Amino acid sequence: MESVVRIFSGTSSEYLAKEIAQSYGVGLGTLKVQRFADGEISPVILESVRGDYVFFIQSTFAPAENILELLLLIDSARRASAAYITAVIPYFGYARQDRKDKPRVAIAAKLMANLLVAAGANRIMTMDLHAPQIQGFFDIPVDHLESNTIFIPYLSSLPNLDNIIFASPDVGSTNRARHLAQYFGREMVICDKHRKRANEIASMTVIGEVAGKDVILVDDIIDTASTLCNAAKLLIDKGANSVRALCTHPVLSGTAIEKIEASHLSEIVVCNTIPLKRNSEKIRVLSVGELFAQSIRNMYEHKSISSLFIN
Ligand code: R5P
């Protein structure tokens, strides 16, 4: 008998899972996430998955219940004899802790990878990992989707692209900015960010000329929004005409949205890999639903996933 595709949603990503399932052309699989009186999570899959291709959609932003729930779901499917389990993690949390850069710290991204594999995941599908080499933390295949597939058509639809220049808000995002600069045949500049500690910026300087330009900052994560708001101020101080930002994952902790609203940024374009805490006139959300649905289809039909990328 042929294995069928079953798409399930974890609690954190229901809005997106519905869109992915609809775009794929199937209903969402049924499951229930129960809790013990003390809060322990106890998910149960309410339909047979024996011999099937199972996809769990769950971004693993905080709280850690999200990753835990995903692990338990994978374990349930494995014990229920699913043929092939893919953890679809549009935003892979804990990715910023990806190396031992000082004594006595954890490499959380590697630990999360170990946990997912130990739970029984056969494959990971994700988007814009904080560092692409995190793929190597998994000894199973990783389909690493690119937000450029979403951002490039959006940028192409904007009027007056002649004056744009791309900017990386820190050294880590240089490749992201370069990719877009090359695609559109534009220049790029780099902001050199130095951190005192996580989420706190000590200094920032810009390398390159931005006077009179419409700058597009490119980053993977917006958390406290300090990086993008400081970069926008710096670029405006250096004579930029306008500054907008493309940023894949809207973590947006604390007062980040208020900071964006009060900043020099004219617009921030994000993907719906994480649900937005509240709407803001300055934040435009683009959906990754169709891209994930198409990637699931290509994976299931043994077709190329890189054919979906825009280079
Ligand atoms: C850092 O390396 C990331 O690419 C982002 O720039 C960072 O996580 C953004 O954090 P925040 O919004 O708190 O400045």
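Whatever order the structure lists ligands and atoms in, that order sets their numbers, starting from 1. Just so you know, these numbers come straight off a predicted model, no measurement behind them.
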**Request:** Heavy-atom distances under 4.0 Å are what count here, so tell me which part of Thr224 touches ligand 1: side chain, backbone, both or neither.
**Result:** both

**Request:** Indicate yes or no for a side-chain donor-acceptor contact from Ser304 to the backbone of Ser307 under 3.5 Å, with no hydrogens or angles considered.
**Result:** yes

**Request:** Select one of side chain, backbone, both or neither to describe which atoms of Leu228 lie under 4.0 Å from any atom of ligand 1, heavy atoms only.
**Result:** neither

**Asked** Taking only heavy atoms of Asp170, which atoms of ligand 1 are found under 4.0 Å from at least one of them?
**Response** 1 (C), 2 (O), 4 (O), 6 (O)

**Asked** Going by an N to O cut-off under 4.0 Å, is there a salt bridge joining Arg244 and Asp214?
**Response** no

**Asked** Is the NZ or CZ atom of Arg6 both under 6.0 Å from the centre of the six-membered ring of Phe55 and within 45° of that ring's axis?
**Response** no

**Request:** Could you tell me which atoms of ligand 1, counted from 1 in the order shown, lie closer than 4.0 angstrom to a heavy atom of His130?
**Result:** 1 (C), 2 (O), 3 (C), 4 (O)

**Message:** Are the side chains of Ile57 and Ile20 in contact, using a 4.5 Å heavy-atom criterion?
**Reply:** yes

**Request:** Identify, by atom number and element, the atoms of ligand 1 in contact range of Thr227, meaning under 4.0 Å from any of its heavy atoms.
**Result:** 6 (O), 9 (C), 10 (O), 11 (P), 14 (O)

**Message:** Can you tell me how the ring of Phe8 sits relative to the ring of Phe56, calling it parallel under 30°, perpendicular over 60° and tilted otherwise?
**Reply:** tilted

**Message:** Closer than 4.0 Å to some heavy atom of Ile222 - which atoms of ligand 1 meet that?
**Reply:** 12 (O)

**Prompt:** Numbering the atoms of ligand 1 from 1, which are under 4.0 Å from a heavy atom of Asp219?
**Reply:** 3 (C), 4 (O), 5 (C), 6 (O)

**Asp220 vs Thr248, side chain to side chain donor-acceptor pair (under 3.5 Å): CA-CA, chis, key distance, verdict** = CA-CA 5 Å; Asp220 60 327; Thr248 315; over 6 Å; no

**Prompt:** Considering distance alone, does some N or O of Ala225 sit under 3.5 Å from an N or O of ligand 1?
**Reply:** yes

Review item, side-chain donor-acceptor pairs of residues 101-126, under 3.5 Å, at least two apart:
unit_1 : atom_1 : unit_2 : atom_2 : d
Lys110 : NZ     : Asn114 : OD1    : 3.0
Lys110 : NZ     : Phe137 : O      : 3.1
Asn122 : OD1    : Ile85  : N      : 2.7
Arg123 : NE     : Tyr84  : OH     : 3.1
Arg123 : NH1    : Asp143 : OD1    : 3.1
Arg123 : NH1    : Asp143 : OD2    : 2.7
Thr126 : OG1    : Ile89  : O      : 2.6

**Message:** Against ligand 1, does Pro169 come closer than 4.0 Å with any heavy atom?
**Reply:** no

**Asked** Using 4.0 Å as the upper bound for N to carboxylate O, is an ion pair formed by Arg35 and Glu65?
**Response** yes

**Request:** Check each atom of ligand 1 against the heavy atoms of Arg96 and keep those under 4.0 Å away; list them by number with element.
**Result:** 8 (O)

**Request:** Check ligand 1 against Ile221 and write out every atom of the ligand that is under 4.0 Å from a heavy-atom position of the residue.
**Result:** 5 (C), 7 (C), 8 (O), 9 (C)

